[in-house]
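Worksheet for the structure shown next.
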Amino acid sequence: MVARARASLRAMSTAGSAETDDASLVGPEQVATGVGGPVVAGGGWRSPQPFPLRTAAAVFLLLLVVAGLFNFVVIQKLPGISPVDGIVYADALDRAFDFRVTVKGDTMGVATSEYIACRGVHGYDELGLSCGGPYPDTFRGLTTAYVHPPTYFFLTAGVVKAVQVVAPGVYAFDIARMVGALWFAVGALLMVWLATLWGARPWPAALVMVALLPTPTGATTFSFITPDSMSLMVCGGVALGVTLWWRDRLPAWSLIFFGLLTAAVKQTYFLAAVAGVLLIAMLWWRQHTRPTRACVSAAVFVGAGAVIGLVGWDLIKRFIEVVPGDISTGPDPFAVSLDFNGVAQLIFTAAADFPNEAAGPLLAVPPAALAMSMGFGLALAAATGGALLYRSTRSDEFILAASGGLTVVFGGLLVSLMYLLSSGIFLPPIVRYIFGGIPLVLLPLMLATSSRAVRVLLVVLAAVSYIGWMLYQ
């Protein structure tokens, strides 16, 4: 069994190169034409693959159609509110419809109460409300969405308002859930572009995005109202910025804007900046094609952008809050005591749960989709583990796997400790906390799609998952 497992890992690790044309295994001077012009390989084992605008448009359209149809199906099967902070996110969106920012001390709005009463919250029993009201003030408690910047809520509200011009009778919250397909398609397109810069072909790389969407984590992230629907855009965008800098496409100072982007959408996305710094460090350590000073400058710009964004948003929150800063919103039901004896379990909890967040008691997902999601997780683990065990430490696959793996394994605990320092509450690591490292973890599998076996596997996983969702009662 051990020998068979090692053989499987070795096959996955070499899949990214076994069926790649000899011309793609080149030195640092190889140039390929892609979106925006020539791209310098920058010392990697693989040259970037062409990604012309026509192909990019076609990939985006495919991803948008697939995500739109999937979200429509999920809304029909699961019409209620996401159990993953869906109530407070819906309330923040409702305020954004009226150009209002959720601030500390705000209570739940009437529209949100109606949404809860009429649709319910998945994973929770009867909440004591009847559709149509009345909605007592005692139920409309304090919202906690003020901790997040309003970027997602205002952008989504803008799209919803635009759709309502041509479809005024459609429920606003359902439109907002459909908008998640747009954010997924944009983020997935950035991921495909990123993968081509590392040597993957665009259409096979897009298969990984198509297979990710119907997993439980994909459904809770892109098919419900949540700022996490922008996770691929933001976290993948940071990895893309670092890669473009490494390929001599962007100046180092521009990376500060990618760091700022992480704090502009959600505080936990600072982990994407950490992943970016790790990627720069790994590239410098293993490929030695840039001076140490240049790499340090790039890492400082990424980190500084994230820190400036975090501090800036914290100051804005304190300025606009409507109540004193010591207000208590009650004990957090997910808070636990910090037990260092169980630190190993805490480290691996979030990584082990991806891509099955909220599946089971909180969110009823099709058994077929859950099973295929486990297969997708195993494929990710095989691609990452194979790259670490069987690829050269100077190879792109090893660098990506090491950077992403470190971020995903330790990132959840890092975010939990950040919350502990800022609020005095320890929240155990969950899948959402490690989204900053997910793009780098996806890349080894996207590179492995040069193997026909991997492509067939992804098609099977995706097809069974989508059919499972359509047939689910």
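These numbers come from the heavy atoms of this one structure, side chains and all, not from hydrogens, waters or symmetry mates. Start at 1 with the first residue, then count along the sequence.
The aromatic rings of H148 and Y89 lie tilted to each other, with the angle between the two planes from 30° to 60°.
Residues V265 and M233 have side chains not in contact (no heavy-atom distance under 4.5 Å, counting atoms from C-beta outward). Put simply, the side chain of I308 reaches to within 4.5 Å of the side chain of I256, judged on heavy atoms. Using a 4.5 Å heavy-atom threshold, the side chains of D396 and R391 count as separate. A heavy-atom distance below 4.5 Å is found between the side chains of M470 and I467. Between F97 and Q164 the shortest side-chain heavy-atom distance does not fall below 4.5 Å. T156 is listed as a side-chain neighbour of L93, based on a closest heavy-atom distance under 4.5 Å. In this structure the side chain of L271 never reaches within 4.5 angstrom of the side chain of Y433, judged on heavy atoms. Counting heavy atoms from C-beta on, the side chains of W198 and R247 come closer than 4.5 Å.
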Using the side-chain contact (heavy atoms from CB on, under 4.5 Å) rule, take T292 and W284 through it: C-alpha gap first, then chi angles, then the decisive distance, then the call. CA-CA 7 Å; T292 300; W284 166 80; 2.9 Å; yes
Determine whether F376 and L445 satisfy the following criterion, side-chain contact (heavy atoms from CB on, under 4.5 Å), listing intermediate values before the conclusion. CA-CA 10 Å; F376 182 77; L445 182 58; 4.1 Å; yes
Is there a side-chain contact (heavy atoms from CB on, under 4.5 Å) between V59 and W203 once you walk through the steps? CA-CA 7 Å; V59 169; W203 288 109; 3.9 Å; yes
Could you walk me through whether F184 and V66 satisfy the side-chain contact (heavy atoms from CB on, under 4.5 Å) test, starting with their C-alpha distance in whole Å, then the side-chain angles of each, then the deciding distance to 0.1 Å, before giving a yes or no? CA-CA 10 Å; F184 167 81; V66 169; over 6 Å; no
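Contact between S231 and Y269 at its shortest, heavy atoms only, is CB-OH, 3.3 Å.
A distance of 8.0 Å separates CZ in F222 from CE in M209, rounded to the nearest 0.5 Å. Once rounded to the nearest 0.5 Å, the distance linking CG of L64 with CG of L69 reads 9.5 Å. Here the CH2-CG distance, from W245 to L240, works out to 14.0 Å after rounding to the nearest 0.5 Å. The SG atom of C235 lies 10.0 Å from the CE atom of M191; values are rounded to the nearest 0.5 Å. The OG1 atom of T226 sits 6.5 Å away from atom OH of Y152, with the distance rounded to the nearest 0.5 Å. Taking CD1 from I280 and OG1 from T243, the interatomic distance works out to 9.5 Å, rounded to the nearest 0.5 Å.
The side-chain contact (heavy atoms from CB on, under 4.5 Å) test with I399 singles out one residue from L443, L440, L279, T393, and that residue is L279.
Open room surrounds CZ on F72; 12 or fewer heavy atoms of other groups in view lie less than 6.0 Å from it. A 6.0 Å sphere centred on CH2 of W469 holds more than 12 heavy atoms belonging to other residues, nucleotides or ligands.
Not one N or O on the side chain of T262 forms a donor-acceptor pair closer than 3.5 Å with the backbone of A306.
For residues 296-317, there are no ring pair (Phe, Tyr, Trp, His ring centres under 6.0 Å) pairs, not counting sequence neighbours.
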